[in-house]
**Student:** 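I'd like to ask you about the structure that follows.
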Amino acid sequence: MRDIKVMTFNVKGLNSPCKRSQIMLMLRKAHSDIVFLQETHLRTGRLPKLPSHPYKQWYHSTHPTSASKGVAIAIHHQVPFILQQQLADAEGRMLLLKGEIASKKFTLANLYAPNEATVSWLIKTLDTVKLFAEGTIVLGGDLNLVFDPFVDSSTTRSHIAQKHISRLHGKLQELQLIDVWRALNPTMKDYYFYSNPHKSYQRLDYLLTSVSLLSAFSTSEIGEITVSDHAPCSAVFALDSMVKRDWSWRLNESLLNNAKYCKQVRSHLDLYFESNSPAHSKHTMIWEAHKAYIRGVFIALGTKVKKEQQKLLDLLLAQIATVERLNKQSVSREFQGELTKLRQQLREHLSQRIAKQMLYFQHKLYAHGNKGGKLMSALLKKAKSSSHIAQVKDKNGVTHKNTPNIANAFQEFYLII
């Protein structure tokens, strides 16, 4: 048996490499397996290179010209999802995937509802989901409305008439879809989105699932508003036929750049070779055994560094959660200023961790060198695109656009998590 964590998150743009890295760090920290992303702001034909680790499968619905929409579904490499059919609209607001996870049929649906005619759009889209779906439905998305204004809005009001919300409830009952967070937290009041113009909190994002799967869900949580203007929502359910994979170790090269840690490693090596003299053991045995010993030293140091970074990250998130909770109870300019300051500190902390990914980027380029292969082919293809054509002036001052900028292509191709 293995737990699968599903998350829905309105990210408010993925075009910036730094923003993509911050979002991916947050998803990794949350240990999300299936992620529904809204407002990716990606356009058809202009998708950036998104990370293949730990999310091996990426699916998109994009608009050909507008960068204000876009939805995506990312699936962790440890989830054995086998795609059978995919359906996306032309507006970048709906993405449906039908497939199998551990021999069980699932339909994954990601929706980003418009601000106008919201209920009509949702009812029409849910009819499409009904015709498309097979097996268990897991639906996530930003629906841009509140199901119950009395508990899902801090003002207890909604801009949508109650009769229209009742129509939507009827359609959800027809599909036998249940709001997971509300089912597991029937009396709690919490929100995903803060509207600065209206000075109010609302729960606009939802995770819905078929009634048959509801009993498998153990927890559902609402995160903090950090790198986006929406908070993520997650839920965990157990799947009997899935087994958790083994963990494999990899050296954290950043430890070698720290003089303090290098000194500790040298002292451990000196102690090891002093304690294991060739008089009692063979040279080859001493050498092979020292690899396991020093690996344990690096694991201990890496764990210590990771715990320190995680402690700082948890502290920032806890402070944001505390101030956010106070602001939900009584909206004030003082709380808003404190939240802005804390969120900026969080972004700076996440940006520092991106430096490790740049080190991997440099290592991969060095390892491949000038060898022909998929890396070189992809970079050359990227360099030939219009966004990476360098403008060069000759001696006569005439501008030419026939020189591909390989350096920019490398940077864009690998500045990701």
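Just so it is clear, the model here is predicted, and its values are computed rather than measured.
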**Student:** Is Thr209 close to Phe237 at the side-chain level, that is, under 4.5 Å between some pair of heavy atoms?
**Tutor:** no

**Student:** Would you call Glu338-Lys341 a salt bridge at under 4.0 Å N-O?
**Tutor:** no

**Student:** So do the side chains of Arg203 and Asp179 get within less than 4.5 Å of each other, counting heavy atoms only?
**Tutor:** yes

**Student:** Is there a side-chain contact between Leu145 and Ser158 in this structure, where contact means two heavy atoms from C-beta onward sitting under 4.5 Å apart?
**Tutor:** no

**Student:** I want to check a possible cation-pi pair here: Arg93 against Tyr112, using under 6.0 Å from ring centre and within 45° of the ring axis as the test.
**Tutor:** yes

**Student:** If the threshold is 4.0 Å, N to carboxylate O, is there a salt bridge linking Lys328 and Asp190?
**Tutor:** yes

**Student:** Does this structure show an ion pair linking Asp314 with Lys307, if we count only N-O contacts that are shorter than 4.0 Å?
**Tutor:** no

**Student:** Look only at the side chain of Lys104 and the backbone of Thr136, and say whether a donor-acceptor pair between them is shorter than 3.5 Å.
**Tutor:** no

**Student:** Counting only N and O atoms by type, is there a donor-acceptor contact under 3.5 Å from the side chain of Arg182 to the main-chain atoms of Asn185?
**Tutor:** yes

**Student:** Considering only NZ, NE, NH1 and NH2 on the basic side and carboxylate oxygens on the acidic side, decide whether Asp89 and Lys69 come within less than 4.0 Å.
**Tutor:** no

**Student:** Both conditions, 6.0 Å and 45 degrees, for the charged tip of Lys98 above the ring of Phe132: are they met here?
**Tutor:** yes

**Student:** Using a 3.5 Å distance criterion without hydrogens, assess whether the side chain of His169 forms a donor-acceptor pair with backbone atoms of Phe147.
**Tutor:** yes

**Student:** Can Arg343 and Glu324 be counted as an ion pair, charged N to O under 4.0 angstrom?
**Tutor:** yes

**Student:** Find out whether Thr8 and Tyr206 are in side-chain contact, i.e. whether some heavy atom of one side chain is under 4.5 Å from a heavy atom of the other.
**Tutor:** no

